[in-house]
Structures are given as C-alpha cells and as structure tokens.
Participant: 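Quick one: the structure is below, questions incoming.
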Amino acid sequence: MAEPTAYRTDGDPDACRAHDAPGPYPAGDGAGGCRAGDEAGGYRADDGPGGYRAGGGLRAYRMVAAMWIRSTMAYRASFALTLVTSFCVTFFDFVVILLMFGQVRGLGGFSFAEVAFLYGTTGTAFGIADLTMGSLQRMGRRIRDGSLDVFLLRPAPLLAQVAADKFAVRRFGRVLQGLLVLVWSLVLLRGEVAWSWGKVLMVPGMVACGAVIFMAVMVLGASALFWLQDAAEVTNSFTYGGNTLLQYPPTVFAQDLVKGVVYVVPLAFVNWLPALYVLGRPAPAGVPSWAAFAAPPVALVCCGAAALAWRAGVRSYRSTGS
C-alpha cells in the first residue's frame, strides 16, 4: 500500500512523507520541514491574508466552536451558573459608575445617560470580540509548550482553529450585560438627543465596527506573541484596558491620551468619536469632525494590519520540537 502524502514541499508530494523525523521547522511546515495539510482539505498555514482562506476559515471556526458549544451544553446547570457569574462580574464595572453618579451629577460634563451610552456601546462591542476571539490570549502558552504544532498539522486554517478552541459560551454574559445597559441608556436619552436616521444607524454601526476593531487588536496581540511569548498582559492592556478606558468620557482624560487612541491605537473609533456625533457633542480638540464617520475604513485598515502581522508571525514560528 502506498504511503499517505499528508505533507509536501513546493508542489512535490514525493519530497517528504508523513514519517519524516520531527524537529524544529518553520510554521506552516509539517514534520521534517513539509507543508502541513496541503493534500487534506487544501489548506496551508500561510494560505491567504493572515494565514488562512476566508471561506475555509469560517467553516472551520463554525465546526470547532459548535463542538465546544455541544460539550458545554451537556452540563446545562454548570453552563447557566457560569453565564450568570460572567454577567454579574462584568456588571460590577457598571455598579462603579452608578455609585459615582450617586455622589455627582455629571462626569467630565457628561450626564449619567451619556456615560451609560458610552459604557453600553463599548461593552457590547468588546463582548462580541471577546466571545469570538477571546481564546487568542492563550497563544503565548501554546507557543511555549509546543501545543501550537497540533493545530498546524490539522488540515484547517490556523487562526480559525486557535480562535475557536475552547469556545466559551459563558462570555455571552458580557455581551448581554453591555447590551442591556445600551438599551437602558437609549431609553434615557430619548428626550435628550435630537435623533435622525443617521444617528439611529450610527448606533448599530459603531457596535459592529467596534467589535471588528477589538478583534483586530486581539489578532495583532496574538501575532506579537510569536516573538514575545510572555507578553499576554501587554495585549490585555489594549483590549480589556481599552474597554475600560472607553467606558468613560474622553473629557476626563489628558488630551495626549485622547490623541493616542485616535492616531496610534485607534480605539477611539470604537465608540468615542461616533458617540460624540450621536450625542451632539463636538469632537476632541485636534480631531476633525468627519472622524465620527471613519469607523468602517479604520476597521478595515485594522483588519489588514492584523492579517499581515498574523501572516508574518506564522511564517516566523519555529516549533519547540516536542
């Protein structure tokens, strides 16, 4: 019986076989320096922008996530408990704002309803990103212990596998909590904001674009872990820390910090700039007013940068050989 050709190099299926000796090899290469998964499923670790083909990536993500969801739902009581716990833990962030407004009438010139609107938009956007891409924070550990090699040898896009692995449905509690605060804030703002169709459409648009921006930042952070394996907390400072930052009005922060999250790490496009337009407030000093409508192109640029960084990280990866 002919040997299986699960690996190949540069289009030559006879150049290497599945039994080649293991050892350090570049990411996207199988044992003995061969491409992993080319013959099974047509994927390679470096296929397409960011190291995967979009269609196959979505299908692989769906399959892996569905597997973990079925596993979670096998223990419904445990799932319900962890979901409620996640909801309550994230709600404590909003409790801090409630207690703050028990002592003051405004925060940086913003009313309670306006701050709740900021909290709800960023909370919902970050919750969606954390639900779909939160598993990427384990990348550093996978690279250190060599478990990333298992994903590389499977005939499926690497990013889809890593993002969907250990898919935690309990993270939906964060999405639900942010969404409830957002709806409540919109009810409170119905008499304070001069609503138009543009402002109505801006609300779901900023949530969607904000989620994409947060996802891109997570992928960028995971890509950096190919080189900085112990820097997961640095990534969290831009994701979890950025979410906390955006819950409060930009007027309470230094102008240099505001410009930093506009021009350096564009987290201001998640909710600050679009929200100021919705609330009828001027843009921060030094930021043009049209920036409120720039969230979609900024999200696309972030995705492009994340794809390039991921591709570079995968290509530079060297297995531990374990």
Side-chain angles (χ1 to χ4, degrees), residues 82-98 100 115-143 159 162-182 206-225 228-250 252-254 257-258 260-262 264-273 275 295 298-299 302-303 305-306 309-310:
T82 55
L83 182 65
V84 172
T85 302
S86 176
F87 180 92
C88 294
V89 169
T90 55
F91 186 71
F92 284 132
D93 290 338
F94 189 65
V95 170
V96 173
I97 296 177
L98 288 172
M100 193 180 305
V115 174
F117 180 69
L118 293 175
Y119 179 96
T121 49
T122 186
T124 306
F126 179 75
I128 295 171
D130 190 45
L131 177 66
T132 53
M133 292 288 182
S135 295
L136 288 176
Q137 60 185 310
R138 299 188 182 94
M139 275 293 296
R141 185 177 62 189
R142 289 193 176 104
I143 293 171
L159 180 57
V162 176
D165 187 54
K166 298 186 183 299
F167 187 88
V169 191
R170 59 178 170 76
R171 292 191 176 117
F172 184 72
R174 182 186 292 272
V175 181
L176 181 61
Q177 188 263 337
L179 192 59
L180 288 176
V181 174
L182 175 58
M206 79 168 80
V207 171
C209 292
V212 173
I213 292 173
F214 271 127
M215 290 179 197
V217 173
M218 290 178 179
V219 175
L220 280 167
S223 303
L225 295 179
L228 309 172
Q229 299 173 10
D230 296 317
E233 293 305 319
V234 176
T235 302
N236 291 341
S237 67
F238 289 101
T239 53
Y240 290 90
N243 176 49
T244 303
L245 175 76
L246 298 175
Q247 292 172 1
Y248 297 91
V252 303
F253 299 104
L257 177 61
V258 175
V261 294
V262 173
V264 182
V265 182
L267 294 177
F269 294 92
V270 171
N271 73 334
W272 271 359
L273 300 180
V298 168
C302 289
C303 287
W310 179 262

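The first residue in the sequence is number 1, and the count goes up from there. Keep in mind the model is a prediction, meaning the values are calculated, not measured. FYI, side chains are in, hydrogens and waters are out, and symmetry mates aren't considered; it's all heavy atoms of this structure.
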Participant: Pick from Met139, Arg141, Gln137: which one makes a side-chain contact (heavy atoms from CB on, under 4.5 Å) with Leu225?
Facilitator: Met139
Participant: How far apart are the closest heavy atoms of Thr235 and Gly221, and which atoms are they?
Facilitator: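 Looks like OG1-CA, 3.4 Å.
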Participant: If you look at every heavy atom in Ile213 and Val298, which pair is closest and at what distance?
Facilitator: CD1-CG1, 4.2 Å
Participant: Taking all non-hydrogen atoms of both residues, which atom of Ala116 and which atom of Val181 are closest, and how far apart?
Facilitator: O-CG1, 3.6 Å
Participant: Of all residues at least two apart in sequence or in a different chain, which pass the side chain to side chain donor-acceptor pair (under 3.5 Å) check with Gln177?
Facilitator: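 Gln177 satisfies side chain to side chain donor-acceptor pair (under 3.5 Å) with Tyr119 only.
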Participant: If you look at every heavy atom in Pro250 and Val258, which pair is closest and at what distance?
Facilitator: O-CG2, 3.6 Å
Participant: May I ask you to test the Val217-Cys302 pair for a side-chain heavy-atom distance under 4.5 Å?
Facilitator: no
Participant: Which residues pass the salt bridge (charged side-chain N to carboxylate O under 4.0 Å, His left out) test with Arg138, sequence neighbours left out?
Facilitator: none
Participant: Show your working on side chain to side chain contact (heavy atoms under 4.5 Å, CB included) between Leu179 and Val207 and close with a plain yes or no.
Facilitator: CA-CA 10 Å; Leu179 192 59; Val207 171; over 6 Å; no
Participant: Checking Phe253 against Val261 for the side chain to side chain contact (heavy atoms under 4.5 Å, CB included) test, could you report, in this order, the C-alpha distance in whole Å, the side-chain angles of both residues, the deciding distance, and whether it holds?
Facilitator: CA-CA 11 Å; Phe253 299 104; Val261 294; over 6 Å; no
Participant: For the residue pair Leu131 and Phe167, what are the closest heavy atoms and their distance?
Facilitator: O-CE1, 3.3 Å
Participant: Under the side chain to side chain donor-acceptor pair (under 3.5 Å) rule, collect the residues that match up with Ser223, sequence neighbours excluded.
Facilitator: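 Counting only residues at least two positions away or on another chain, Ser223 forms no side chain to side chain donor-acceptor pair (under 3.5 Å).
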Participant: Which is it for Arg142 and Asp165 under the side chain to side chain contact (heavy atoms under 4.5 Å, CB included) test, yes or no, and what are the steps along the way?
Facilitator: CA-CA 12 Å; Arg142 289 193 176 104; Asp165 187 54; 2.6 Å; yes
Participant: Looking only at atom types and distance, does a side-chain atom of Thr124 sit under 3.5 Å from a main-chain N or O of Thr121, one as donor and one as acceptor?
Facilitator: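 Absent.
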Participant: Is any side-chain heavy atom of Val262 closer than 4.5 Å to a side-chain heavy atom of Trp272?
Facilitator: no
Participant: Thr122: what forms a side chain to side chain donor-acceptor pair (under 3.5 Å) with it, not counting sequence neighbours?
Facilitator: Asn243
Participant: Could you check whether any side-chain N or O of Thr239 sits under 3.5 Å from a backbone N or O of Met218, counting only pairs where one atom can act as donor and the other as acceptor?
Facilitator: no
Participant: Under 3.5 Å, side-chain donor or acceptor atoms of residues 82-96 against the rest of the protein: list the pairs with distances, not counting sequence neighbours.
Facilitator:
| residue | atom | partner | partner atom | Å |
| --- | --- | --- | --- | --- |
| Thr82 | OG1 | Ser78 | O | 3.1 |
| Thr82 | OG1 | Phe79 | O | 2.9 |
| Thr85 | OG1 | Leu81 | O | 2.7 |
| Ser86 | OG | Arg170 | O | 3.2 |
| Thr90 | OG1 | Ser86 | O | 3.0 |
| Thr90 | OG1 | Phe87 | O | 3.0 |

Participant: Under 3.5 Å, is there a donor-acceptor pair between the side chain of Asp130 and the main chain of Arg171?
Facilitator: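 Pair absent, no side-chain N/O of Asp130 close to backbone of Arg171.
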Participant: Output, in order, the C-alpha distance, side-chain angles, deciding distance and verdict of side chain to side chain contact (heavy atoms under 4.5 Å, CB included) for Cys303 and Val212.
Facilitator: CA-CA 8 Å; Cys303 287; Val212 173; 3.3 Å; yes
Participant: Partners of Phe214 by ring-ring contact (aromatic ring centres under 6.0 Å, His included), sequence neighbours excluded?
Facilitator: Phe126
Participant: Could you check if a side-chain atom of Val234 sits within less than 4.5 angstrom of a side-chain atom of Leu228, using non-hydrogen atoms only?
Facilitator: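 Sidechains of Leu228 and Val234: no contact.
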Participant: Taking all non-hydrogen atoms of both residues into account, name the closest pair between Ala216 and Ala306 and its distance.
Facilitator: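 Of all heavy-atom pairs spanning Ala216 and Ala306, the closest is O-CB, 3.6 Å.
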Participant: How long is the gap from CD1 on Ile128 to OG1 on Thr132, to the nearest 0.5 Å?
Facilitator: 8.0 Å
